[in-house]
Number of protein chains: 2
Amino acid sequence: MSLRYALLAVLTVEPMTGYDLSKLFQQSVAHVWNAPDSQIYPELRKMEAEGLLEGSDVPWGPRGRKRQYAISDEGREAFRLWMNEPIGYFLERDPAHLKAAYLEWAEPENARVILNEHKAHFTALLQDWTSRLIEINTLTNPLLVKRLEISSPKDHQKVVAFKRYTYEGLIARAEQEILWADRGLELLDSFETA
Amino acid sequence: MSLRYALLAVLTVEPMTGYDLSKLFQQSVAHVWNAPDSQIYPELRKMEAEGLLEGSDVPWGPRGRKRQYAISDEGREAFRLWMNEPIGYFLERDPAHLKAAYLEWAEPENARVILNEHKAHFTALLQDWTSRLIEINTLTNPLLVKRLEISSPKDHQKVVAFKRYTYEGLIARAEQEILWADRGLELLDSFETA
DNA sequence: AACGGCATGTAACGTGTTACATGATTTC
DNA sequence: GAAATCATGTAACACGTTACATGCCGTT
């Protein structure tokens, strides 16, 4: 159910096609919310049917056309409502920690691979998030710049501060996961030498 | 797909009924992997059909009966295989950070509620996880004690160390989320006084 | 006999994933 | 003209959630 609000969030900046959104949700937005096109296209149509979006066919080349979606007042209001609701309680489902709890079942070399991949995964995320944070701080992120252009100047500070706050939180999480993986690798070492 | 391995993990200790497992997955196990009974019962039947579990009807009172599931050699092997595989790449889907990125859309008092609930959520988890860690360190967790009884003494150290490692990681994560929520509340304060 | 816990399930729905399928446009 | 990218979808399946439904057991 959050997918639609993630879509609305992006569309508050400017109208986009399903393809544009699908690109975003594989690249930058993907690190907070990821979605494949096969989920995005039907969701957009549903949202248009419900009046949250207004779709229009835009010609594209001589014969081609593409459907562009603009957020409606109703959609903007739905987004605002969602933003004022508390976050739905989320249930823990954590494959990494589930697996970590039973690592004695893995061969030591495989346990090491598992933890190294955990580390690599969050190292990659850390790099992505860090460069996003730099883009925010230097106002070089295209979407953010467009968002500022359409917002009232008195809100600029808040808009930037909350994006920064988000990425700082993600970065802290990634750093913590990397530390945790390192501690696990040390633990494995201690069993090897023992 | 991890649900079945979470079930297998518990069943490596001793045979249990769907009800037993469902209790565990709402209480202790729930903080690493949660599942409702409506998901557990069908999954157990599927796993029995696939030969991972051996089910047997156990009489329960004069007329009642319950189905108890024991892990089979095949099930134990499947669990071992899974434990030696890397963790499937997981995609980011984080409602809290998604919402945080657009907090300028929420009324300040609602933003405060959102962050306070985030803090309360992780504070509750932190308490649960901390008491679980104490149970591990003092060897007072019933499942862990049973697990040690059926394991070779030379593995005891590893078994305990990995459980401790898991909960230490979860605790660190909870503490980080609480800190993050606090920083967000301070940020909101700074906008109020400004 | 009433109650709380034990025990097991179905049905409907929503969400998410993977694979398949097609065709136009732009760039080289 | 080949390749990369733009553009949009369907179908099948897996996973997960919520609500509903039933009935026995042990205790009071």
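Because only heavy atoms are used, hydrogens play no part in the values below, and waters and symmetry mates are left out as well, while side chains stay in. Proteins get letters first, then strands, A, B, ... in listed order; numbering begins at 1 in each.
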> How long is the span from the CE atom in B/Met16 to the OH atom in B/Tyr69, to the nearest 0.5 Å?
Replying inline: 14.0 Å

> Between the side-chain atoms of A/Ser38 and the base atoms of C/dT17, is any donor-acceptor pair under 3.5 Å?
Replying inline: no

> To the nearest Å, how far apart are A/Leu7 CG and C/dG16 P?
Replying inline: 11 Å

> Between C/dG9, D/dC15, D/dG9, which nucleotide has the shortest distance from any of its atoms to the side chain of B/Tyr41?
Replying inline: C/dG9

>> I'd like to check B/Val160 versus B/Leu148 (side-chain heavy atoms, cut-off strictly below 4.5 Å). Are they in contact?
In response: yes

>> Nearest to the A/Lys66 side chain among D/dT8, D/dG16, C/dT8, which nucleotide is it?
In response: D/dT8

>> Is there a side-chain contact between B/Arg93 and the phosphate of D/dG16, meaning an N or O under 4.0 Å from OP1 or OP2?
In response: no

> Looking only at heavy atoms, which two atoms of B/Asp37 and B/Pro42 are closest? And how far apart?
Replying inline: O-CD, 4.1 Å

>> Wobble G-U and Watson-Crick pairs count when both distances are under 3.5 Å; given that, what is the 5' to 3' dot-bracket string of DNA chain D, with | for pairing to other strands?
In response: ||||||||||||||||||||||||||||

>> Using whole Å, what does the distance between atom C1' of nucleotide C/dG16 and atom CD1 of A/Ile40 come to?
In response: 12 Å

> To the nearest Å, how far apart are A/Met47 CE and C/dG14 P?
Replying inline: 16 Å

> Among D/dT18, D/dT10, C/dA7, which is the nearest nucleotide to the side chain of A/Pro42?
Replying inline: D/dT10

>> What is the separation between atom CE on A/Met16 and atom P on D/dC6, rounded to the nearest whole Å?
In response: 14 Å

>> Just the rounded figure in Å: distance from C1' of C/dT17 to CD of A/Glu43.
In response: 15 Å

> Hey, does A/Asp57 reach any base, or is it just sugar-phosphate, or nothing, if we go heavy atoms under 4.0 Å?
Replying inline: nothing

>> Starting the side chain at C-beta, find the nucleotide from C/dT15, C/dG9, D/dT8 nearest to A/Arg67.
In response: D/dT8

>> Quick check: do B/Leu125 and B/His121 have side-chain heavy atoms less than 4.5 Å from each other?
In response: yes

> From D/dT10, D/dG16, C/dT15, pick the nucleotide closest to the side chain of A/Arg45?
Replying inline: D/dT10

> CG of A/Leu44 versus P of D/dA7: gap in Å, rounded?
Replying inline: 13 Å

> For B/Phe191, is the NZ or CZ atom of A/Lys158 found under 6.0 angstrom from the centre of its six-membered ring and inside 45 degrees of the ring axis?
Replying inline: yes

> Which comes earlier along DNA chain C counting from the 5' end, the contact point of A/Trp60 or that of B/Thr17, where each point is its nearest nucleotide?
Replying inline: B/Thr17

>> Which label fits B/His97 and B/Trp180: parallel for a plane angle under 30°, tilted from 30 to 60°, or perpendicular past 60°?
In response: parallel

> Closest nucleotide of DNA chain C for A/Asn34 versus for B/Ser22: which of these residues is on the 5' side?
Replying inline: B/Ser22

> Which nucleotide in the list C/dA7, C/dG16, D/dT17 gets nearest to the side chain of B/Tyr19?
Replying inline: C/dA7

> Does A/Phe25 have its ring centroid less than 6.0 Å away from the ring centroid of A/Trp33?
Replying inline: no

> Does one hydrophobic cluster hold both B/Tyr19 and B/Met47, with members joined at side-chain heavy-atom distances below 4.5 Å?
Replying inline: no

> Expressed in angstrom and rounded to an integer, what is the separation of A/Lys46 atom NZ from C/dC13 atom C1'?
Replying inline: 10 Å

>> What is the distance, to the nearest angstrom, from the CG atom on A/Asp37 to the P atom on C/dT18?
In response: 12 Å

